[in-house]
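In what follows, chains are A, B, ... by sequence order, proteins preceding strands, each numbered from 1.
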Amino acid sequence: MLRNYLKIAWRNLLRHKAYSAINIIGLATGISACLLIFLYVGHELTYERNFPNAEHIYRVVSRVNFHGEDDRFSLSPKPLADHMRREIPEVKKVTRLAASKKQTVWKDQQPFLEDNLFFADSTFFQVMPYTFLAGDPVTALRAPRTIVISDELARKYFGSVEKALGQPLQFSRNQHLVTGVFKAEKHSHLQASAFFSMVTKDEAERTGKDAETIAAQENEWILFGYYTYFTLHHPASLPAFKQKLADLVQRRAVPWLKENEISASMELMVQPIPEIHLSNDFQTDISPSGSQSYVYIFSVVAVFILLIACINYMNLATARSAKRSREVGLRKVVGAHRSQIIGQFLGESILITLLALVLALAMVELSLPVFNELTEKQFALSSLLNTNFVLLILAILLFVGLVAGSYPAFFLSGFRPVEVLKSDKNPRGSNAWLRRSLVVVQFTISLVLIIGTAVVYSQLQFLKNKNLGFNKEQVLALNLPKGDSLFQERLTVFQQELTQNPNFLQTATTGNIPGERLARLLMLVEEEDGTEKDQTMNVMFVSYDFLELMGIELKEGRTFQKGIPTDEKGAVIINEAGVKWLGWQNPMGKRVQVTDYDAKVIGVARNFNYASLHNPIEPLMIIPIKENTGYLLAKIRPQDLEASLTFLEQQWKAFAPRHPMDYFFMDDHFNRQYQAEEKMLTVFGYFAALTILIACLGLFGLASFTAEQRTKEIGIRKVLGSTVVEIVLLLSKDFALLVLLAILIASPVAWYGMKNWLQDFAYQVNLSPWLFFTAGLASLLIAVATVGIQAAKAALLDPVKSLRSE
Amino acid sequence: MLKIVNLQKKYTTDEVETTALNGISFEIKPGEFVAMMGPSGCGKSTLLNIIGLLDNPNSGEFWFLDKEVSRSSERQRADLRKHHIGFVFQSFNLIDELTVQENIELPLIYQKLSGQEIKERVNEAMEQMQIAHRRNHFPQQLSGGQQQRVAIARAVVSKPALLLADEPTGNLDSAHGREVMELLSALNEAGTTVVMVTHSPSDADYAHRIIRLLDGQIVTESITERHAARVLSPEF
């Protein structure tokens, strides 16, 4: 029986090549898009899985509340780890990790800039079980000036993993001994290339300080500078641990805060490491985190694309049902039960899905390079060959086969032989309403995606072009090397040298730049009534020329000026939001004390968006720095960019031969905050195009079916004097109406969805009706063009022939 | 073989009720060859569909192989069709995607016979209908007469007790028509009960008995001349 079904299915496929092609290509496109998305989603959902028992490795995260302002950090206070070890018996191992800045590595007189560097306690590898390729994970980081490097770094600097062990590696001016090599882990929130021993950092921080200062420093509960990871003796004791952690905060942190007159509350929470990647509600996370909502959105898009492809199959199968009705009738006459016929048609759709699946795998292979570029991942077709994915593929096969096949199967198997055997007419009417509804569903989904893409695009354009209150165009930022006193001394000369070149309009050094996460510091501020109170506020450390170079305007007061002694002693500029927040009537001259820097307000800066436009402008204190750390900014002329860069490089080599030049453009850097949205735009764009393509493929099939069915009518109309244009309009009108209906349904749905998406931004583009109109018109035109081709073909037939063929 | 008592069949379309069959009663004995005649719309095809268990009457009794089947479920009727009834249609109703051989084996597939048995029975049917040389052809490659022979082969391959033919020569020229009638006649002589709907008096003449219908009722029942002649002939 199965053989007979297969034969019929196969011969049907061959006989109706165009329909088969539309079905198979449509399904394959849908399945391949779906597979790609699931590849991505699967990757996002399985971070840290290369660490054995990852779900039982935890990180402590903090929530701090200053004056009603909630801050959530992935960092925890410095003394925490030590207290956890001593006071909570459930803890098996606890370890600290601290991020290091980029550093220059020297090899064969050549400088290389290395990123993703960390300081780690000696217990680190007992908590985070990295695979060690050389060295002993237990002892590797016990001594100062030791380092454990990734296999990639080992190969880069020593040629092989084996050669690296026991060798010194020069970072900036310090040598570190390589005591271990681990296998680099890309599928983790912690994509480290090397770990320095924490004792190195501790020693450096203690140098030159007396015992009392050191003790105070060690007990600073408000200093969030460490990532704290831990494991438990028994995972089941997690609730008990959480209670004891809360008790610890009450016992240690709360009295300390009280003692230091800091009115803040603190809560410590626990996060299993596999949850880190998709939780983006903590500041100061190590690497840019993924997004739970994008994972959801993409999964939904994947299912929708598949659904659109299934609808094509259903529509074409039912449209062609009249052609199959005789076969169904006959099978019933010779004794087939309805269930056997349902089985036959479901089998047929599964066969077609299987063919589509094979094609889809080929499509996935072909599109992987583009997809990898898009997602910045390294997926390969072979990664589909694990149990989960094979199960997923089987699930897709069954889902598509059954969803797409079920309606035609139940519809066709319901035919009564008496009705179908006498003619080729479909006994259940044309079933056009159902096909029409399904077309509306397809176009509604496509339109929601198209409108979504358009909104994301216009929001991004809006973000990039919005007046931020400062000028980020044509500003180049150079990372300044740390700890090179010779370079520091020569920096002013370097700046002068640069501005000799007419392409370099202005330069300034600065500690922070817009688009960078700023420190939120505790400060004492003078109230309007002369009293003082604790506040925390974002702080930006800048040089004297910074405001001018960036084009930041002042509302009142003046900017920092060289030569004014009070500016050097203590001056700050506050932004408008800060003035409003503090409730100051007369900001000028108000006292502000940030740690030991005692200053007066000398100016109020107009609000500028120093952070991403996801957030409104927060209060900001701008503090001048004397030493040259951070960045050198250069405003350059847009012309001759290449020549300017060459000139800069020459100068850099002359002034800082020991450091590789590391620069970026401010606008690129600032716009990098919208990377997630950029990614969403690209993915949305591609998939919106795919859905409309698949939907049009189906429409094309339906239109050709309609044209075929109405051949006689078209013939008669032509004989009676109808023109080709009139006939094309006649045939296209019905489909155009469906698309119009889809526009009516999709517009409010998309409006609601995108309004929600825009809630993520403090600054939102207006959802103009034009946007919806344009998206609607575009899909209408595409649909009409698709149908029009078929309609024109039918309209151009010789009426004599079409009438005779009836 | 079958017995029909006071059969009624009505169709309702767009609030108009049409009586297709009105109080029909008759009996057909095993081995009979019965022709049903009458003008278009007289109800003969409806009656044939009910006899073939493709349609249900509204009231009345229908005894088939000593069982009352007018209220049987679709599944029971499918099983009866599968084992006991063969159909031949005016428009052949062959499946275009299947070859001659595959079309003929179709009823056997649903009987779940072994591959070997199916092969033997299909070969036998093809030999009997003289179409074995065309076994790998598709229906559209055959003449009308050949197609109807395939259809008859398909109808008899499961060796049904009852063969129903709905205007089996309607789409054929007279030479092919005659050929088909000879085949049906031969099958009948071999023991198969045949019920045939036809407009053609010459086809009807192959039958033993003619039932004439008009407006859903039987108007006459008569023995055919040829049958009468055979019955009265000395050899009989």
Query - Short side-chain to backbone donor-acceptor contact, B:Asp166 and B:Val197, under 3.5 Å - result: no
**Report entry** Flag, side chain of B:Ser25 to backbone of B:Asn6, donor-acceptor distance under 3.5 Å
**Finding:**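 Yes; at least one donor-acceptor contact below 3.5 Å.
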Report task. Please step through side chain to side chain contact (heavy atoms under 4.5 Å, CB included) for the pair A:Leu434 and A:Tyr407, ending with a clear verdict. Result -> CA-CA 10 Å; A:Leu434 188 89; A:Tyr407 178 69; 3.1 Å; yes
Query raised in the report: Which of residues 116-154 of chain B have a heavy atom under 4.5 Å from any heavy atom of chain A?
Result: B:Phe138, B:Gln140, B:Arg154
Query - Residue-level interface, residues 55-62 of chain B with chain A, non-hydrogen cut-off under 4.5 Å - result: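 Residues of residues 55-62 of chain B touching chain A at under 4.5 Å: B:Asp55.
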Query raised in the report: Among A:Leu27, A:Ile350, A:Leu307, A:Leu354, which residue meets the side chain to side chain contact (heavy atoms under 4.5 Å, CB included) test with A:Val400?
Result: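 The single option meeting the side chain to side chain contact (heavy atoms under 4.5 Å, CB included) with A:Val400 is A:Leu27.
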Query raised in the report: Given A:His337 and B:Asp79, is the side chain to side chain contact (heavy atoms under 4.5 Å, CB included) satisfied, shown in steps?
Result: CA-CA 8 Å; A:His337 294 150; B:Asp79 284 336; 2.9 Å; yes
Report task. Among the options A:Leu330, A:Leu14, A:Asn12, pick out the one with the most heavy-atom pairs lying under 4.5 Å from chain B. Result ->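 Sorted descending by pairs with chain B, the first entry is A:Leu330.
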Closest non-hydrogen atom pair between [X] and [Y], with its separation:
X	Y	answer
B:Leu162	B:Val195	CD1-CG2, 3.8 Å
B:Ala155	B:Phe87	CB-O, 3.2 Å
B:Asn171	B:Ser91	ND2-CA, 3.7 Å
B:Asn188	B:Glu32	ND2-O, 3.2 Å

Query raised in the report: Who pairs with A:Lys7 by salt bridge (Lys or Arg N to Asp or Glu O under 4.0 Å), at least two apart in sequence or on another chain?
Result: B:Glu102
Query raised in the report: With a 4.5 angstrom heavy-atom cut-off, which part of B:Thr99 approaches chain A: side chain, backbone, both or neither?
Result: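 It is both, since atoms from each part get that close.
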Query raised in the report: Measuring heavy-atom distances to chain A, does B:Leu80 have an atom under 4.5 Å in its side chain, in its backbone, in both, or in neither?
Result: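 Neither part.
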Requested in this report: Assign the ring pair A:Tyr19 / A:His16 to parallel, tilted or perpendicular, where the plane angle (0 to 90°) is split at 30° and 60°.
Outcome: perpendicular
Query raised in the report: Any idea which of B:Gln111, B:Lys82, B:Lys112, B:Glu105 has the most non-hydrogen atom pairs under 4.5 angstrom with chain A?
Result: B:Lys82
Report summary line: Looking only at B:Glu74, B:Arg75, B:Arg77, B:His83, most heavy-atom pairs under 4.5 Å shared with chain A are made by B:Arg75
Report summary line: Here the side chain to side chain donor-acceptor pair (under 3.5 Å) pairs for residues 344-361 of chain A, sequence neighbours left out, are A:Arg324-A:Glu348, A:Glu327-A:Gln344, A:Arg331-A:Gln344
